[in-house]
Trainee: 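Have a look at this one.
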There are 2 protein chains.
Amino acid sequence: MRKVKFSVACTVDGFTAHEDGRLDGFLMEGDHAKDFFESQKEYDTVLMGRGCYDFGRKFGVTNPYPALAQYVFSTTLKESPDPNVKLVSGNAAGVVRELKSSPGKDIWLCGGSDFAASLFAEGLIDEIVVKLNPVVFGSGKSLFSGPIKQTDLELVGTKVYDNGVVLLHYVVKR
Amino acid sequence: MRKVKFSVACTVDGFTAHEDGRLDGFLMEGDHAKDFFESQKEYDTVLMGRGCYDFGRKFGVTNPYPALAQYVFSTTLKESPDPNVKLVSGNAAGVVRELKSSPGKDIWLCGGSDFAASLFAEGLIDEIVVKLNPVVFGSGKSLFSGPIKQTDLELVGTKVYDNGVVLLHYVVKR
(Lines give C-alpha, C1' and ligand atoms only; values in the text may rest on other atoms or scores of the structure.)
Protein backbone atom coordinates (compact mmCIF):
# COMPACT_ATOMS: atom_id res chain seq x y z
CA MET A 1 0.00 0.00 0.00
CA ARG A 2 1.41 3.41 -0.95
CA LYS A 3 1.67 5.95 1.84
CA VAL A 4 0.30 9.48 1.78
CA LYS A 5 2.79 11.88 3.36
CA PHE A 6 1.68 15.38 4.30
CA SER A 7 4.93 17.31 3.90
CA VAL A 8 4.59 21.00 4.61
CA ALA A 9 6.36 24.05 6.00
CA CYS A 10 4.90 25.35 9.24
CA THR A 11 5.49 28.18 11.71
CA VAL A 12 6.18 27.57 15.40
CA ASP A 13 2.59 28.68 16.08
CA GLY A 14 1.13 26.14 13.66
CA PHE A 15 0.46 28.05 10.44
CA THR A 16 1.30 26.80 6.95
CA ALA A 17 0.49 30.07 5.16
CA HIS A 18 -0.88 33.53 5.79
CA GLU A 19 -4.66 33.89 5.65
CA ASP A 20 -4.45 35.09 2.02
CA GLY A 21 -2.12 32.24 1.01
CA ARG A 22 1.11 34.22 1.09
CA LEU A 23 4.18 32.32 2.26
CA ASP A 24 6.53 35.16 3.18
CA GLY A 25 8.34 34.49 6.41
CA PHE A 26 9.19 30.92 5.45
CA LEU A 27 12.84 30.30 4.61
CA MET A 28 13.05 29.28 0.96
CA GLU A 29 16.80 28.73 0.69
CA GLY A 30 19.29 26.57 2.55
CA ASP A 31 20.05 22.92 3.13
CA HIS A 32 16.45 22.21 4.17
CA ALA A 33 15.32 23.31 0.71
CA LYS A 34 17.89 21.03 -0.93
CA ASP A 35 16.71 18.12 1.22
CA PHE A 36 13.12 18.96 0.33
CA PHE A 37 13.82 18.76 -3.40
CA GLU A 38 15.78 15.55 -2.82
CA SER A 39 12.84 14.08 -0.86
CA GLN A 40 10.57 14.56 -3.86
CA LYS A 41 12.27 11.51 -5.40
CA GLU A 42 10.32 9.38 -2.89
CA TYR A 43 7.13 10.32 -4.66
CA ASP A 44 5.56 9.84 -8.06
CA THR A 45 2.29 11.57 -7.27
CA VAL A 46 1.26 14.85 -5.65
CA LEU A 47 -2.14 15.76 -4.20
CA MET A 48 -3.08 19.42 -4.04
CA GLY A 49 -6.07 21.15 -2.55
CA ARG A 50 -7.27 24.04 -4.68
CA GLY A 51 -5.80 26.67 -2.35
CA CYS A 52 -2.42 24.99 -2.63
CA TYR A 53 -2.63 24.73 -6.42
CA ASP A 54 -3.82 28.33 -6.73
CA PHE A 55 -0.69 29.59 -4.99
CA GLY A 56 1.33 28.66 -8.09
CA ARG A 57 -1.38 29.75 -10.50
CA LYS A 58 -1.14 33.32 -9.16
CA PHE A 59 2.34 33.34 -10.67
CA GLY A 60 1.20 31.66 -13.88
CA VAL A 61 2.43 28.20 -12.84
CA THR A 62 -0.21 25.65 -13.82
CA ASN A 63 2.15 22.64 -14.03
CA PRO A 64 4.07 22.97 -10.73
CA TYR A 65 5.46 19.44 -10.39
CA PRO A 66 6.00 18.10 -13.90
CA ALA A 67 7.99 15.08 -12.66
CA LEU A 68 4.97 13.82 -10.69
CA ALA A 69 1.44 12.74 -11.48
CA GLN A 70 -0.51 15.78 -10.31
CA TYR A 71 -4.02 15.86 -8.86
CA VAL A 72 -5.90 18.99 -7.87
CA PHE A 73 -8.99 18.49 -5.70
CA SER A 74 -11.65 21.15 -6.15
CA THR A 75 -15.41 21.37 -6.18
CA THR A 76 -15.34 24.84 -7.76
CA LEU A 77 -12.94 24.44 -10.71
CA LYS A 78 -14.86 23.46 -13.86
CA GLU A 79 -11.90 22.03 -15.71
CA SER A 80 -8.21 21.57 -15.06
CA PRO A 81 -6.17 24.63 -16.04
CA ASP A 82 -3.40 22.37 -17.36
CA PRO A 83 -3.39 19.07 -19.28
CA ASN A 84 -0.70 17.73 -16.90
CA VAL A 85 -2.93 18.19 -13.84
CA LYS A 86 -5.93 15.95 -13.22
CA LEU A 87 -8.95 17.62 -11.67
CA VAL A 88 -10.87 15.63 -9.05
CA SER A 89 -14.25 17.30 -8.43
CA GLY A 90 -15.86 14.83 -6.05
CA ASN A 91 -15.31 11.72 -3.92
CA ALA A 92 -11.83 12.89 -2.94
CA ALA A 93 -11.46 10.17 -0.29
CA GLY A 94 -12.43 7.45 -2.76
CA VAL A 95 -9.96 8.70 -5.35
CA VAL A 96 -7.15 8.86 -2.76
CA ARG A 97 -8.00 5.36 -1.51
CA GLU A 98 -7.80 4.07 -5.07
CA LEU A 99 -4.45 5.80 -5.64
CA LYS A 100 -3.09 4.32 -2.39
CA SER A 101 -4.06 0.80 -3.36
CA SER A 102 -2.63 1.07 -6.87
CA PRO A 103 1.07 0.33 -7.45
CA GLY A 104 3.64 3.13 -7.30
CA LYS A 105 5.84 5.22 -5.06
CA ASP A 106 4.57 7.16 -2.07
CA ILE A 107 2.16 10.05 -2.53
CA TRP A 108 2.93 13.61 -1.50
CA LEU A 109 0.17 15.71 -0.03
CA CYS A 110 1.38 19.29 -0.29
CA GLY A 111 -1.74 21.06 1.12
CA GLY A 112 -3.88 23.06 1.59
CA SER A 113 -5.06 22.82 5.13
CA ASP A 114 -8.80 22.26 4.45
CA PHE A 115 -8.03 19.40 2.10
CA ALA A 116 -5.43 17.97 4.48
CA ALA A 117 -7.96 18.03 7.33
CA SER A 118 -10.52 16.17 5.23
CA LEU A 119 -8.01 13.47 4.26
CA PHE A 120 -6.74 13.22 7.84
CA ALA A 121 -10.30 12.82 9.13
CA GLU A 122 -10.75 9.97 6.64
CA GLY A 123 -7.64 8.24 8.00
CA LEU A 124 -5.84 8.65 4.69
CA ILE A 125 -2.70 10.44 5.86
CA ASP A 126 0.05 8.05 6.98
CA GLU A 127 2.87 10.42 7.79
CA ILE A 128 3.37 14.11 8.55
CA VAL A 129 6.64 15.84 7.71
CA VAL A 130 6.83 19.33 9.17
CA LYS A 131 9.53 21.79 8.19
CA LEU A 132 9.23 23.95 11.28
CA ASN A 133 10.41 27.45 10.41
CA PRO A 134 11.78 29.83 13.07
CA VAL A 135 8.94 32.32 12.84
CA VAL A 136 5.53 33.03 14.33
CA PHE A 137 2.72 34.44 12.16
CA GLY A 138 0.03 34.94 14.83
CA SER A 139 -2.69 34.06 12.33
CA GLY A 140 -3.10 32.26 9.02
CA LYS A 141 -3.93 28.86 7.61
CA SER A 142 -3.58 26.20 10.30
CA LEU A 143 -1.83 22.89 9.67
CA PHE A 144 -5.32 21.39 9.58
CA SER A 145 -8.30 23.68 8.88
CA GLY A 146 -11.29 21.55 9.56
CA PRO A 147 -12.51 19.03 12.10
CA ILE A 148 -10.03 16.31 12.97
CA LYS A 149 -9.87 14.11 16.03
CA GLN A 150 -7.06 14.34 18.59
CA THR A 151 -4.47 11.87 17.28
CA ASP A 152 -1.15 10.67 18.63
CA LEU A 153 1.88 10.74 16.37
CA GLU A 154 5.12 8.80 16.51
CA LEU A 155 8.29 10.82 15.98
CA VAL A 156 10.48 8.83 13.59
CA GLY A 157 13.04 11.43 12.52
CA THR A 158 14.36 14.92 13.13
CA LYS A 159 16.94 17.15 11.51
CA VAL A 160 18.08 20.55 12.71
CA TYR A 161 19.38 22.94 10.05
CA ASP A 162 21.84 25.79 10.57
CA ASN A 163 19.22 28.35 9.55
CA GLY A 164 16.91 27.27 12.38
CA VAL A 165 14.53 25.11 10.36
CA VAL A 166 13.73 21.85 12.17
CA LEU A 167 12.49 18.87 10.18
CA LEU A 168 10.06 16.72 12.17
CA HIS A 169 8.96 13.41 10.70
CA TYR A 170 5.93 11.72 12.28
CA VAL A 171 3.95 8.56 11.60
CA VAL A 172 0.22 8.93 12.34
CA LYS A 173 -0.89 6.40 15.00
CA ARG A 174 -4.19 4.63 14.34
CA MET B 1 17.61 43.02 32.54
CA ARG B 2 15.75 39.82 33.46
CA LYS B 3 14.34 37.85 30.57
CA VAL B 4 10.76 36.66 30.21
CA LYS B 5 10.69 33.11 28.82
CA PHE B 6 7.43 31.69 27.52
CA SER B 7 7.90 27.98 28.22
CA VAL B 8 4.94 25.87 27.23
CA ALA B 9 3.88 22.46 25.91
CA CYS B 10 2.43 22.55 22.41
CA THR B 11 0.96 20.14 19.86
CA VAL B 12 2.38 19.75 16.36
CA ASP B 13 -0.61 21.77 15.11
CA GLY B 14 0.10 24.66 17.46
CA PHE B 15 -2.24 24.20 20.42
CA THR B 16 -1.24 24.57 24.07
CA ALA B 17 -4.52 23.25 25.50
CA HIS B 18 -7.95 22.06 24.45
CA GLU B 19 -10.60 24.75 24.03
CA ASP B 20 -11.89 24.07 27.57
CA GLY B 21 -8.39 24.17 29.08
CA ARG B 22 -7.90 20.39 29.34
CA LEU B 23 -4.37 19.15 28.73
CA ASP B 24 -5.00 15.49 27.97
CA GLY B 25 -2.88 14.31 25.08
CA PHE B 26 0.27 15.96 26.39
CA LEU B 27 2.90 13.62 27.78
CA MET B 28 3.30 14.34 31.48
CA GLU B 29 6.02 11.81 32.32
CA GLY B 30 9.49 11.14 30.98
CA ASP B 31 12.85 12.82 30.75
CA HIS B 32 11.31 15.96 29.25
CA ALA B 33 9.27 16.39 32.45
CA LYS B 34 12.40 15.94 34.59
CA ASP B 35 14.21 18.56 32.48
CA PHE B 36 11.22 20.85 32.81
CA PHE B 37 11.29 20.70 36.60
CA GLU B 38 15.06 21.17 36.51
CA SER B 39 14.64 24.24 34.25
CA GLN B 40 12.44 25.91 36.87
CA LYS B 41 15.62 26.63 38.83
CA GLU B 42 16.41 29.29 36.20
CA TYR B 43 13.46 31.31 37.46
CA ASP B 44 12.39 33.03 40.63
CA THR B 45 9.12 34.40 39.27
CA VAL B 46 6.18 33.00 37.30
CA LEU B 47 3.57 34.95 35.33
CA MET B 48 0.17 33.34 34.79
CA GLY B 49 -2.81 34.48 32.79
CA ARG B 50 -6.08 33.69 34.52
CA GLY B 51 -6.86 30.72 32.25
CA CYS B 52 -3.49 29.22 33.10
CA TYR B 53 -3.97 29.79 36.84
CA ASP B 54 -7.53 28.45 36.73
CA PHE B 55 -6.29 25.12 35.37
CA GLY B 56 -4.77 24.35 38.77
CA ARG B 57 -7.64 25.91 40.70
CA LYS B 58 -10.04 23.38 39.16
CA PHE B 59 -8.10 20.78 41.12
CA GLY B 60 -7.98 22.92 44.27
CA VAL B 61 -4.40 24.10 43.65
CA THR B 62 -4.21 27.82 44.42
CA ASN B 63 -0.46 27.92 45.17
CA PRO B 64 0.95 26.02 42.17
CA TYR B 65 4.59 27.18 42.24
CA PRO B 66 5.44 27.84 45.90
CA ALA B 67 9.19 28.14 45.15
CA LEU B 68 8.56 31.13 42.87
CA ALA B 69 7.09 34.60 43.25
CA GLN B 70 3.70 34.09 41.60
CA TYR B 71 1.67 36.66 39.68
CA VAL B 72 -1.78 36.05 38.21
CA PHE B 73 -3.01 38.61 35.67
CA SER B 74 -6.77 39.00 35.55
CA THR B 75 -9.29 41.76 35.03
CA THR B 76 -12.15 39.61 36.38
CA LEU B 77 -10.77 38.21 39.66
CA LYS B 78 -11.64 40.52 42.57
CA GLU B 79 -8.95 39.25 44.91
CA SER B 80 -6.22 36.66 44.82
CA PRO B 81 -7.46 33.20 45.86
CA ASP B 82 -4.18 32.59 47.70
CA PRO B 83 -1.90 34.80 49.82
CA ASN B 84 1.14 33.41 47.94
CA VAL B 85 -0.16 34.65 44.58
CA LYS B 86 -0.20 38.35 43.70
CA LEU B 87 -3.16 39.52 41.64
CA VAL B 88 -2.45 42.09 38.90
CA SER B 89 -5.74 43.59 37.70
CA GLY B 90 -4.51 46.24 35.30
CA ASN B 91 -1.46 47.64 33.49
CA ALA B 92 -0.07 44.15 32.93
CA ALA B 93 2.62 45.41 30.56
CA GLY B 94 3.76 48.04 33.03
CA VAL B 95 3.98 45.53 35.86
CA VAL B 96 5.95 43.10 33.69
CA ARG B 97 8.30 45.89 32.56
CA GLU B 98 8.93 46.78 36.19
CA LEU B 99 9.61 43.14 37.10
CA LYS B 100 12.03 42.82 34.17
CA SER B 101 14.01 45.86 35.24
CA SER B 102 14.20 44.83 38.90
CA PRO B 103 16.99 42.48 40.03
CA GLY B 104 16.45 38.71 40.05
CA LYS B 105 16.54 35.53 38.02
CA ASP B 106 14.67 35.09 34.75
CA ILE B 107 10.88 35.16 34.68
CA TRP B 108 8.76 32.23 33.54
CA LEU B 109 5.62 32.94 31.54
CA CYS B 110 3.57 29.75 31.72
CA GLY B 111 0.49 30.97 29.76
CA GLY B 112 -2.29 31.30 28.89
CA SER B 113 -2.38 32.11 25.26
CA ASP B 114 -4.37 35.39 25.43
CA PHE B 115 -2.02 36.77 28.05
CA ALA B 116 1.04 35.50 26.17
CA ALA B 117 -0.18 37.23 22.99
CA SER B 118 -0.65 40.53 24.83
CA LEU B 119 2.86 40.37 26.32
CA PHE B 120 4.35 39.30 22.97
CA ALA B 121 2.63 42.22 21.24
CA GLU B 122 4.19 44.55 23.82
CA GLY B 123 7.65 43.16 23.03
CA LEU B 124 7.99 41.73 26.53
CA ILE B 125 8.73 38.08 25.69
CA ASP B 126 12.43 37.43 25.12
CA GLU B 127 12.49 33.67 24.56
CA ILE B 128 10.05 30.91 23.65
CA VAL B 129 10.64 27.34 24.82
CA VAL B 130 8.26 24.89 23.17
CA LYS B 131 7.90 21.31 24.36
CA LEU B 132 6.49 19.98 21.10
CA ASN B 133 4.40 16.90 21.90
CA PRO B 134 3.80 14.16 19.30
CA VAL B 135 0.07 14.79 18.97
CA VAL B 136 -2.39 16.87 16.96
CA PHE B 137 -5.52 18.28 18.61
CA GLY B 138 -7.23 19.83 15.57
CA SER B 139 -8.57 22.67 17.71
CA GLY B 140 -7.89 24.34 21.05
CA LYS B 141 -5.99 27.25 22.53
CA SER B 142 -3.34 28.49 20.12
CA LEU B 143 0.21 29.28 21.22
CA PHE B 144 -0.82 32.93 20.91
CA SER B 145 -4.53 33.81 21.03
CA GLY B 146 -4.66 37.43 20.08
CA PRO B 147 -3.13 39.79 17.56
CA ILE B 148 0.64 39.56 17.25
CA LYS B 149 2.88 40.62 14.39
CA GLN B 150 4.80 38.13 12.25
CA THR B 151 8.12 37.78 14.06
CA ASP B 152 11.30 35.89 13.27
CA LEU B 153 12.82 33.66 15.93
CA GLU B 154 16.36 32.39 16.38
CA LEU B 155 16.68 28.70 17.21
CA VAL B 156 19.25 28.43 20.01
CA GLY B 157 18.67 24.90 21.26
CA THR B 158 16.91 21.61 20.60
CA LYS B 159 16.57 18.31 22.42
CA VAL B 160 14.82 15.21 21.18
CA TYR B 161 13.40 12.86 23.83
CA ASP B 162 12.79 9.13 23.47
CA ASN B 163 9.05 9.60 23.92
CA GLY B 164 8.85 11.87 20.89
CA VAL B 165 8.76 15.21 22.68
CA VAL B 166 11.03 17.77 21.00
CA LEU B 167 12.27 20.75 22.99
CA LEU B 168 12.71 23.85 20.84
CA HIS B 169 14.36 26.90 22.35
CA TYR B 170 14.00 30.19 20.47
CA VAL B 171 15.12 33.77 21.06
CA VAL B 172 12.63 36.37 19.80
CA LYS B 173 14.24 38.62 17.19
CA ARG B 174 13.46 42.34 17.44
Side-chain angles (χ1 to χ4, degrees), chain A residues 6 8 10-19 22-27 32 113 116-117 120-121 125 128-130 132-173, chain B residues 6 8 10-19 22-27 32 113 116-117 120-121 125 128-130 132-173:
Chain A
F6 182 27
V8 67
C10 192
T11 69
V12 173
D13 52 347
F15 299 107
T16 57
H18 292 282
E19 203 54 67
R22 281 178 304 114
L23 297 176
D24 55 275
F26 287 116
L27 295 170
H32 77 287
S113 51
F120 192 88
I125 297 181
I128 301 173
V129 182
V130 173
L132 200 71
N133 276 242
V135 64
V136 287
F137 280 1
S139 63
K141 302 277 190 190
S142 296
L143 187 64
F144 295 108
S145 299
I148 65 160
K149 277 188 195 162
Q150 178 181 328
T151 305
D152 287 335
L153 308 174
E154 182 185 354
L155 183 71
V156 295
T158 62
K159 186 167 179 180
V160 179
Y161 295 93
D162 286 345
N163 60 5
V165 172
V166 180
L167 186 89
L168 301 158
H169 186 171
Y170 296 99
V171 170
V172 179
K173 288 189 177 179
Chain B
F6 182 27
V8 66
C10 191
T11 69
V12 173
D13 52 347
F15 299 108
T16 56
H18 293 281
E19 203 54 66
R22 282 179 304 115
L23 297 175
D24 55 275
F26 287 115
L27 296 169
H32 76 288
S113 51
F120 193 88
I125 297 180
I128 301 174
V129 182
V130 174
L132 200 70
N133 275 242
V135 65
V136 287
F137 280 0
S139 62
K141 301 277 191 190
S142 297
L143 187 65
F144 295 109
S145 298
I148 64 160
K149 277 189 196 163
Q150 177 181 330
T151 305
D152 287 334
L153 307 175
E154 181 186 354
L155 183 71
V156 295
T158 62
K159 186 167 178 180
V160 180
Y161 295 93
D162 286 346
N163 61 5
V165 172
V166 179
L167 186 90
L168 302 158
H169 186 170
Y170 296 98
V171 170
V172 178
K173 288 188 178 179

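In what follows, chains are A, B, ... by sequence order, proteins preceding strands, each numbered from 1. Everything numeric here is computed off the predicted structure, so don't read it as measured data.
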Trainee: Side chain, backbone, both or neither: which part of A/Val12 has a non-hydrogen atom closer than 4.5 Å to chain B?
Mentor: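 The answer is both parts of A/Val12.
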
Trainee: Chain B heavy atoms under 4.5 Å from A/Phe15: which part of the residue, side chain, backbone, both or neither?
Mentor: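 When you check distances to chain B, no heavy atom of A/Phe15 falls under 4.5 Å.
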
Trainee: For A/Phe137, which atoms come within 4.5 Å of any heavy atom of chain B: side chain, backbone, both, or neither?
Mentor: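 Backbone plus side chain of A/Phe137, per the 4.5 Å heavy-atom cut-off to chain B.
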
Trainee: Considering only heavy atoms, which portion of A/Val136 lies under 4.5 Å from any heavy atom of chain B: side chain, backbone, both, or neither?
Mentor: both

Trainee: Decide if atom CG of B/Asp162 counts as having more than 12 heavy atoms of other residues, nucleotides or ligands within a radius under 6.0 Å.
Mentor: no

Trainee: If I measure from the heavy atoms of chain B, does A/Asn163 come under 4.5 Å with its side chain, its backbone, both, or neither?
Mentor: neither

Trainee: Which pair of non-hydrogen atoms, one from B/Gln150 and one from A/Val135, has the smallest distance, and what is that distance?
Mentor: CG-CG2, 4.0 Å

Trainee: Among B/His18, B/Lys173, B/Glu154, which residue has the highest count of heavy-atom pairs closer than 4.5 Å to chain A?
Mentor: B/His18

Trainee: Measure distances from A/Lys149 to the heavy atoms of chain B and classify the residue's part below 4.5 Å as side chain, backbone, both or neither.
Mentor: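 When you check distances to chain B, only backbone atoms of A/Lys149 fall under 4.5 Å.
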
Trainee: State the CG-CZ distance between A/Asp13 and B/Phe120, to the nearest 0.5 angstrom.
Mentor: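 Answer rounded to 0.5 Å: 8.5 Å.
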
Trainee: Give, for atom CG of B/Asp152 and atom OG1 of A/Thr11, the distance between the pair rounded to the nearest 0.5 Å.
Mentor: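 These two atoms lie 11.5 Å from each other.
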
Trainee: So for B/Leu153, is it side chain, backbone, both, or neither that comes closer than 4.5 Å to the heavy atoms of chain A?
Mentor: both

Trainee: Side chain, backbone, both or neither: which part of A/Thr158 has an atom under 4.5 Å from a heavy atom of chain B?
Mentor: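 Only the side chain of A/Thr158 comes within 4.5 Å of chain B.
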
Trainee: Does any backbone or side-chain atom of A/Ile148 lie under 4.5 Å from a heavy atom of chain B? Answer side chain, backbone, both or neither.
Mentor: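 A/Ile148 touches chain B through backbone and side-chain heavy atoms alike.
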
Trainee: At a heavy-atom distance under 4.5 Å, which candidate from B/Leu155, B/Ile128, B/Thr16, B/Val165 has the highest pair count against chain A?
Mentor: B/Leu155

